[in-house]
Amino acid sequence: MSNQRLNGQINGKHSSSVPDLVCLSHLRWDFVYQRPQHLLSRCASERRVFFIEEPIFTDENHWRLEVSRRECGVWVAVPYLPKGLAEEVSIAIQQGLIDDLLAEQEIHDYICWFYTPMMLPIVEHLTPSLVVYDCMDELSAFKGAPTALRQREERLFDMADLVFTGGQSLYEAKRDRHPQVYAFPSSIDAVHFNQARQPQDDLADQAEIPHSRCGFYGVVDERFDIELLDRVAQAKPEWHFVIIGPVVKIDPASLPRHANIHYLGGKSYAELPHYLAGWDVALLPFARNESTRFISPTKTPEYLAGGKPVVSTSIRDVVRPYGEQDLVQIADTPDEFIAAIEAAMQQSQNSQWRDRVDAFLSQTSWDRTWSTMSGLMQKTIARKRQQFNEELPLTGSSKPGKSSPVSATEKATETKALTQHFTERKS
């Protein structure tokens, strides 16, 4: 697409009434549909959103920034850089590409929204109206995490005006590191996953798999308990295990191979409810290690919205609140997991369990989550502007800086309201 045509398309939706949002992400927009896509697609209905990915390195001897629009309105920007660049050169080139994007698209008033601290150096020279860190995972605990990640996260905490966490346990780990940290656990697009409750034919690659079916969808990586799947599948050859999702950061050859395990590969977000509809039990077979210590699986409420009973290992943000409220079966050893699946098969016929699930899920949605986040951002921007106006005659500053810490009273009031929706909800 030519720059002129691209500029016209982007600026055609431009409104100066609200700041644009520039997101820095280690996740690819088109990889797996998860938290960033849920939140930023909603954000794009009210402002321009530019989702900047980590670079792709090629054999070409030049660099470029490819920008394209997704159906939801988000503009995805992907830097392409030559292989073999020194880190400082790579950073400098990306800084230039982003500066050009901001200039060409007249992005003057904007929010910087981070999913990874590793991209901090390429935008540290910018002057956004607001800095938000949506800390959805403890990235430093993941396999292959860069050694510089912890140090850059400290810098990001110093710069950020707001910090959101992807779960309650992650909130508890981060809340003492910044004056404005808020928990926003995994939410749900209930209408989308309610489709799994409707009678329908199986999709072609699942149709020939016998029942009883136990399914999982998501990324298959170091967080997936390979040994647990192996032992349960061997112990129950009459059950069939459907595994949907890409295999990353682990050797595919390490996955258990039995006649009753079916790896169907990655599927689109639109297809997931239709695979889920054909399962008898949905699984969260996560390993218990450092990489899963703080995760809050989005799949938990999605499975439940689809009407499927769920069996999970004892992931903290699944145990609390789902396990504690007897919405999800919790088990860790192979024998316990088998017993939990058997109990879940009976649970699916329990109308009281289904009613309790629906009552729980009715308390949250991605729409509500985004609305609350947006409200916090607007309040913080207003606070910063007020502070800037009060200090301007004294400092001669030309742009608001980081806001003063919110008062203890304000913080307590905001946290109390958020807790009602996004932390431990007791029935």
Side-chain angles (χ1 to χ4, degrees), residues 21-44 49-58 64-81 94 113-119 122 133-146 149 164 166-167 186-189 192-193 203 205 215-224 242-252 255 263-276 284-286 291-292 294-303 366 370:
L21 188 142
V22 177
C23 176
L24 293 309
S25 177
H26 61 299
L27 299 168
R28 302 288 176 193
W29 184 267
D30 297 319
F31 178 51
V32 174
Y33 201 95
Q34 50 189 308
R35 181 184 180 93
Q37 288 84 351
H38 281 294
L39 294 174
L40 298 183
S41 62
R42 286 161 173 81
C43 179
V49 176
F50 298 86
F51 186 87
I52 300 175
E53 298 183 354
E54 290 183 329
I56 294 176
F57 293 94
T58 73
R64 67 188 189 279
L65 186 70
E66 289 198 357
V67 184
S68 55
R69 185 178 183 272
R70 298 300 179 268
E71 186 176 351
C72 64
V74 171
W75 292 92
V76 179
V78 185
Y80 286 82
L81 307 184
Q94 290 177 78
W113 178 289
F114 286 86
Y115 278 110
T116 173
M118 292 306 296
M119 295 180 74
I122 68 173
Y133 178 24
D134 188 21
C135 181
M136 61 181 283
D137 288 303
E138 182 58 84
L139 295 177
S140 63
F142 282 21
K143 184 176 182 179
L149 197 151
F164 303 143
S186 296
S187 198
I188 180 67
D189 181 349
H192 184 69
F193 286 95
L203 296 178
D205 55 351
F216 167 88
Y217 63 71
V219 178
V220 181
D221 56 15
E222 77 273 17
R223 296 171 295 176
F224 191 90
V242 179
I243 309 299
I244 290 174
V247 179
V248 300
K249 294 194 290 185
I250 62 172
D251 184 356
L255 297 174
Y263 299 100
L264 303 188
K267 304 298 178 183
S268 71
Y269 181 70
E271 293 175 304
L272 294 181
H274 306 293
Y275 282 97
L276 181 61
L284 294 168
F286 287 110
S291 67
T292 61
F294 299 111
I295 64 172
S296 177
T298 306
K299 289 174 280 296
T300 316
E302 292 175 351
Y303 288 163
W366 285 116
W370 174 252

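Numbers here are sequence positions counted from 1. Side chains included, hydrogens not; waters and symmetry mates left out as well; all remaining heavy atoms used.
- To the nearest 0.5 Å, atom CD of residue E53 and atom CZ of residue R28 are 4.5 Å apart.
- Between S187 and W370, every side-chain heavy-atom pair lies at or beyond the 4.5 Å cut-off.
- By the 4.5 Å heavy-atom criterion applied to side chains, F164 and M136 are not counted as neighbours.
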Query - Step-by-step side chain to side chain contact (heavy atoms under 4.5 Å, CB included) determination, L264 to Y275 - result: CA-CA 10 Å; L264 303 188; Y275 282 97; 3.9 Å; yes
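- Looking at every heavy atom in both residues, W29 comes nearest to C72 through CZ2-SG, 3.7 Å.
- Taking both residues in full, the closest heavy atoms of S25 and T116 are given as C-CG2, 3.9 Å, listed atom of the first, atom of the second, then distance.
- Remark: R223 fails to qualify as a cation-pi partner of F286 under the 6.0 Å distance and 45° angle criteria applied to the six-membered ring.
- Panel note: side chain E302, backbone F193; no donor-acceptor pair is recorded below 3.5 Å.
- With rounding to the nearest 0.5 Å, the separation of CZ in F224 from CD1 in I250 is 8.0 Å.
- Once rounded to the nearest 0.5 Å, the distance linking OG of S68 with CH2 of W75 reads 8.0 Å.
- Closest approach of G218 to K299, counting heavy atoms only: CA-NZ, 4.2 Å.
- Contact of the M119 side chain with the H26 side chain is not registered, since no non-hydrogen atoms from C-beta on lie closer than 4.5 Å.
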Query raised in the report: Stepwise, does the side chain to side chain contact (heavy atoms under 4.5 Å, CB included) test hold for L284 with Y303?
Result: CA-CA 10 Å; L284 294 168; Y303 288 163; 3.7 Å; yes
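- Counting only heavy atoms from C-beta outward, the side chains of S41 and R70 never approach each other to under 4.5 Å.
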Requested in this report: Go through the steps for D137 and F142 under the test side chain to side chain contact (heavy atoms under 4.5 Å, CB included), then give the verdict.
Outcome: CA-CA 9 Å; D137 288 303; F142 282 21; 3.7 Å; yes
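- Of the inter-residue distances, the one linking F114 atom CZ with L24 atom CG reads 4.5 Å to the nearest 0.5 angstrom.
- Residue R35 holds its CZ atom at 5.0 Å from CH2 of W366, rounded to the nearest 0.5 Å.
- Y217 and K267 form no side-chain donor-acceptor contact under 3.5 Å, judged by distance and modelled atom types alone.
- Here the shortest heavy-atom pairing between A44 and V74 reads CB-CG2, 3.9 Å.
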Report task. Determine, stepwise, if the pair V49 / W113 fulfils side chain to side chain contact (heavy atoms under 4.5 Å, CB included). Result -> CA-CA 10 Å; V49 176; W113 178 289; over 6 Å; no
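- The minimum heavy-atom distance between G245 and V220, with the atom names listed, is O-CG2, 4.4 Å.
- Defined by atom type and a distance below 3.5 Å, a donor-acceptor pair is missing between the side-chain atoms of Q37 and Y269.
- For the atom pair I244 CD1 and L203 CG, the distance stands at 8.5 Å (nearest 0.5 Å).
- With hydrogens and angles ignored, the 3.5 Å screen pairs no side-chain donor or acceptor of T298 with any backbone N or O of S186.
- Side-chain N or O atoms of R64 include none that pairs as donor or acceptor with a backbone N or O of V78 at under 3.5 Å.
- The heavy-atom pair separating C43 from L21 by the smallest distance is SG-CD1, 3.9 Å.
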